[in-house]
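A quick note: this is a predicted structure, and the numbers were derived from the prediction, not measured. Atoms within each ligand, like the ligands themselves, are counted from 1 in listed order.
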Amino acid sequence: MQKLGILWGVSVGTGDPELLTLKALNCLQRVPVVAFPAGLRGQPGIAEEIIRPYLQPEQITLALTFPYVLDTDVLAQAWQRAAATVWDYLRQGRDVAFACEGDISFYSTFTYLAQTLQAQHPEVLIQRIPGVSSPMVAASVLGLPLTMQDQRLAVLPALYHPQELEQALDWADVIVLMKVRLVYGQVWSILAARELLGQAWLVERASTPGEKIYHPLDGYPELTLSYFSLLIIQNPRH
Ligand SMILES: C[S@@+](CC[C@H](N)C(=O)[O-])C[C@H]1O[C@@H](n2cnc3c(N)ncnc32)[C@H](O)[C@@H]1O
């Protein structure tokens with residue numbers, strides 16, 4: 001029987017190609033097939049841009065489409081399609097590396113791809129290479145510690161109800177808001193009401209040439225932000 005290829009989940013950092021680990025780089029250069037999420041409107045995606053300088057012409061590249069929607073049926077179909085594409089190579093004994101922006105275990109599409117593939121083909125071996133995640137990169141570009149001593153950290157993936165931020169502000173010392181773009185206006189109002197605009201740092205496209213920092217937030221009640229934006233709030237002892 002043909003030996004199966006391994007699916008590697010490879011964390012590639014947040015933009016600066018030097019934020020890849022040596023393990024990620026070795027894997028990306030060793031495998032015959034490299035997959036990544038397709039970019040929007042025919043543009044390369046961020047993971048693809050990060051790894052492009054390291055790929056060889058003979059490597060096969062697969063841009064897998066994952067729509068930015070909440071509809072679970074549409075998403076499940078996309079994961080099935082991506083898993084089937086990857087499986088085509090694995091069953092031929094070829095290893096596939098899936099490049100993931102930031103860290104592979106932190107709000108990553110790879111999780112769904114891996115779960116879908118594993119459900120259909122439990123015999124496939126999946127390996128994960130950890131990496132540098134956006135909250136850590138944002139803290140480093142700000143020149144701040146993300147947490148220290150006994151500080152409690154809360155990470156909110158996105159804010160669908162303002163109450164969730166209010167609750168986090170009641171117990172956490174440091175709060176990271178991922179995917180803040182769509183709820184920025186609401187967040188700004190909550191921070192203003194709590195007099196925390198001077199304790200909040202917004203980082204857009206951290207570690208890329210388009211990196212921007214907004215701080216303090218008093219002058220920015222509205223902002224048109226990139227999807228790649230996050231907010232760090234340092235909540236004084238309450
Ligand atoms: C689907 S999550 C992926 C997180 C990623 N796996 C990580 O480890 O950072 C996407 C969110 O991560 C944050 N993010 C990722 N890269 C970023 C960057 N370079 N600058 C600022 N925020 C970033 C943004 O909040 C974005 O909406």
| field | Nearest non-hydrogen protein atom, atom 12 (O) of ligand 1 | value | Met178 CE, 3.3 Å
| message | Filter on ring pair (Phe, Tyr, Trp, His ring centres under 6.0 Å), then keep only pairs touching residues 134-155, sequence neighbours left out; what's left? | response | none
| Heavy-atom distance to atom 6 (N) of ligand 1: which of Phe228, Phe110, Phe106 wins? | Phe106
| query | What class does the angle between the rings of Tyr214 and Tyr220 fall in, given that below 30° is parallel, 30 to 60° is tilted and above 60° is perpendicular? | reply | perpendicular
| said: Are any of the N/O atoms on Lys179, whether in the backbone or the side chain, positioned under 3.5 angstrom from an N/O atom of ligand 1? | reply: yes
| field | Distance-only side-chain donor-acceptor flag, Thr14 / Ser207, under 3.5 Å | value | yes
| Can you tell if the side chain of Ile233 reaches within under 4.5 Å of the side chain of Leu165, non-hydrogen atoms only? | yes
| Counting heavy atoms only, which of Ala206, Cys100, Ala47 is nearest atom 19 (N) of ligand 1? | Ala206
| request: Check the angle between the aromatic planes of Tyr112 and Trp79 and answer parallel, tilted or perpendicular using the 30° and 60° thresholds. | output: parallel
| request: Between Ser229 and ligand 1, find which residue part has any heavy-atom pair under 4.0 Å and reply side chain, backbone, both or neither. | output: backbone
| query | With a cut-off of 4.0 Å, which atoms of ligand 1 are near a heavy atom of Tyr107? | reply | 1 (C), 2 (S), 3 (C)
| request: Mind checking side-chain hydrogen bond (donor to acceptor under 3.5 Å, both in side chains) for Glu211 and listing every partner two or more places apart, or none if nothing turns up? | output: none
| field | Point-to-point distance, once rounded to the nearest 0.5 Å, from CD of Gln92 to CG of Leu4 | value | 11.0 Å
| said: Please check whether Tyr227 reaches ligand 1 - meaning an N/O of the residue sits under 3.5 Å from an N/O of the ligand, judged on distance alone. | reply: yes
| said: With heavy-atom distances below 4.0 Å as the criterion, list the atoms of ligand 1 near Ser134. | reply: 7 (C), 8 (O), 9 (O), 12 (O), 13 (C), 14 (N), 15 (C), 16 (N), 17 (C), 23 (C)
| query | Out of Ser226, Ser133, Gly131, whose heavy atom sits nearest atom 8 (O) of ligand 1? | reply | Ser133
| note | ligand 1 to Thr14, heavy atom cutoff 4.0 Å, flagged ligand atoms 19 (N)
| Which ligand 1 atoms are under 4.0 Å away from a heavy-atom of Glu101? | 5 (C), 6 (N), 15 (C), 16 (N), 17 (C)
| request: Flag Val203 as yes when one of its N or O atoms lies below 3.5 Å from any N or O atom of ligand 1, and as no otherwise. | output: no
| remark: So for Arg205 against ligand 1, with non-hydrogen atoms under 4.0 Å, the contacting part is backbone
| At a 4.0 Å threshold, what atoms of ligand 1 neighbour a non-hydrogen atom of Asp103? | 6 (N), 7 (C), 8 (O)
| said: For a quick check under 3.5 Å, do Gln80 and Gln120 share a side-chain donor-acceptor pair by atom type? | reply: yes
| query | Going by the angle between their ring planes, with limits at 30° and 60°, are Phe66 and Phe98 parallel, tilted or perpendicular? | reply | perpendicular
